[in-house]
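The structure presented is a predicted model; accordingly, all values stated were derived computationally and were not measured. All heavy atoms count here, side chains included; hydrogens, waters and symmetry mates do not. One-based numbering, in listed order, for ligands and for the atoms of each.
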Amino acid sequence: MSFTRIVGTGSALPRRCVTNEQLAAELATRGIETSDAWIGERTGIRQRYLAEPDESSSTLAIAAARKALEAAGREPGDIDLIVLATSTPDMIFPSTACIVQAALGIKGGPAFDVQAVCSGFVYGLATADALIRTGTYKRALVIGAEVFSRILDWNDRTTCVLFGDGAGAVVLEAAEAPGVRATRLHADGSYAKILCTAGGVSNGAVTGDPFLRMEGQAVFKLAVGVLEQNARELLDMAGLTADQLDWTIPHQANLRILHATAKRLGLPLDKLIVTVDKHGNTSAASVPLALDVAVRDGRIKPGHNVLLQGVGGGFTWGGAIVSF
Ligand code: UT7
């Protein structure tokens, strides 16, 4: 059985950065009250990037994928598998993965979307890892890309201040040694209603409520519990102890969730990669975006063990331990 390694990372953000102050001022013009203080204290978010009309999940994904390929020293033609995680695809079909494949000039290998909301990237990573380890494919682009700004109710202050847009990508390839040391995914669909965008598509038109709805406190409690359990099972699978982790990159939804999980695992806060302050919650893009930031600023170095974890709508959760 072969292994897989992440050999390059990349990310992309929309052009427009919106600070909490700017967002609060914009919302105030419509009689919606919020503040930098509330958002900062309750979530750790200070700013987010919001897509302009000409930006979409595919445009962000393409830019992130190009950077990951460059970092890996690979050409688009070297890729024989594309797995793209998104809940905000450009179209119902074809998949955003196929749009990215065409834009990069890649042909032949499979390209498909994974829909696991904020766990989407780790679902995609686990899927690509398994497909490469069987020997079927050699080199994958795994991408998380979202434009959640398009499914937010901008009149609902309990959700619209939390999310941002962006994309992150990795090149994953077959290797003699790990690389990806463990992956484990979970879902419990009975929690669907605490975080959902319930609108459906009927005859090509959206029916019902097209916006994201969330019971914030229920999601918060569930998230902290499952992130801890998942981290412990991944450490067991990888044969590591928590103190052998160099970095942990949980889904970037709320700084308080990140801190609570680190505390439960006995991890010092300086092992947490935090980007929620700069990006907001970018759903499936949050983990690969944070990973790319920490690789490029030199925190993640060759030989480091990194815990990557997602949690979100579905309810879904899961993670991976990856050696760089
Ligand atoms: O990506 C998937 C994973 N998602 C998450 O992990 C999100 C998990 N949940 C959370 O991060 C937090 O629950 C929130 C950030 C969503 C909310 O924080 P909270 O500390 O649970 O606040 P709360 O919902 O208990 O609301 C406290 C107060 C309420 O007012 P009252 O009832 O106490 O008078 C809200 O109406 O804060 C009010 N509030 C706001 N005030 C100013 C809610 N949103 C805002 C706002 N600005 N934007």
* G216 to ligand 1: N or O pair under 3.5 Å? -> yes

* Asked: Can you find a protein heavy atom under 4.0 Å from atom 29 (C) of ligand 1?
  -> no

* To do: For ligand 1, indicate whether the residue L195 contacts it via side chain, backbone, both or neither (heavy-atom separation under 4.0 Å).
  => side chain

* Asked: Has ligand 1 got any nitrogen or oxygen that is less than 3.5 angstrom from a nitrogen or oxygen of W38?
  -> yes

* Do the side chain of S286 and the main chain of H251 share a donor and acceptor less than 3.5 angstrom apart? -> no

* Structure fact -> Counting heavy atoms under 4.0 Å, the part of I257 that contacts ligand 1 is side chain

* To do: Just need the protein heavy atom nearest to atom 1 (O) of ligand 1, so name the residue and atom and give the distance.
  => N281 ND2, 2.6 Å

* **Taking atom 3 (C) of ligand 1 as the reference point, the nearest protein heavy atom with its distance** => V219 CG1, 3.7 Å

* Identity and distance of the protein heavy atom lying nearest atom 23 (P) of ligand 1 -> Q217 NE2, 3.7 Å

* Basic-acidic side-chain contact under 4.0 Å: R213, D153 -> yes

* Are D36 and R46 ion-paired here, with the side-chain N under 4.0 Å from a carboxylate O? -> yes

* To do: Have a look at L141 and tell me which of D78, V83, L172, L104 forms a side chain to side chain contact (heavy atoms under 4.5 Å, CB included) with it.
  => L104

* Answer side chain, backbone, both or neither: which part of T158 comes under 4.0 Å from ligand 1, heavy atoms only. => both

* Inspect the surroundings of NZ in K278 and state if more than 12 heavy atoms from other residues, nucleotides or ligands are less than 6.0 Å away. => no

* Is the shortest N/O to N/O distance between N254 and ligand 1 below 3.5 Å? -> yes

* Asked: Can you find a protein heavy atom under 4.0 Å from atom 47 (N) of ligand 1?
  -> yes

* Asked: Right, does atom 18 (O) of ligand 1 have protein non-hydrogen atoms nearer than 4.0 Å?
  -> yes

* Asked: Can you tell me which residue and heavy atom of the protein come closest to atom 27 (C) of ligand 1, and the distance to 0.1 Å?
  -> R42 NH1, 3.5 Å

* Would you please test R74 and E173 for side chain to side chain contact (heavy atoms under 4.5 Å, CB included) and show each step? => CA-CA 11 Å; R74 304 286 183 236; E173 64 182 35; 2.8 Å; yes

* Structure fact -> Counting heavy atoms under 4.0 Å, the part of L162 that contacts ligand 1 is side chain

* **Salt bridge flag under 4.0 Å for residues R15 and D54** => yes

* Asked: Hey, is atom 32 (O) of ligand 1 touched by any protein heavy atom at less than 4.0 Å?
  -> no

* atom 36 (O) of ligand 1: the protein heavy-atom neighbour that sits closest, reported with distance to 0.1 Å -> R157 NH2, 3.2 Å

* To do: Could you label the plane-to-plane angle of the F315 and Y191 rings as parallel, tilted or perpendicular, counting under 30° as parallel and over 60° as perpendicular?
  => perpendicular

* Do NZ/NE/NH1/NH2 and the carboxylate oxygens of E70 and R66 come within less than 4.0 Å? -> no

* Side chain, backbone, both or neither: A223 near ligand 1, heavy atoms under 4.0 Å -> neither

* E75 CD: over 12 foreign heavy atoms closer than 6.0 Å -> no

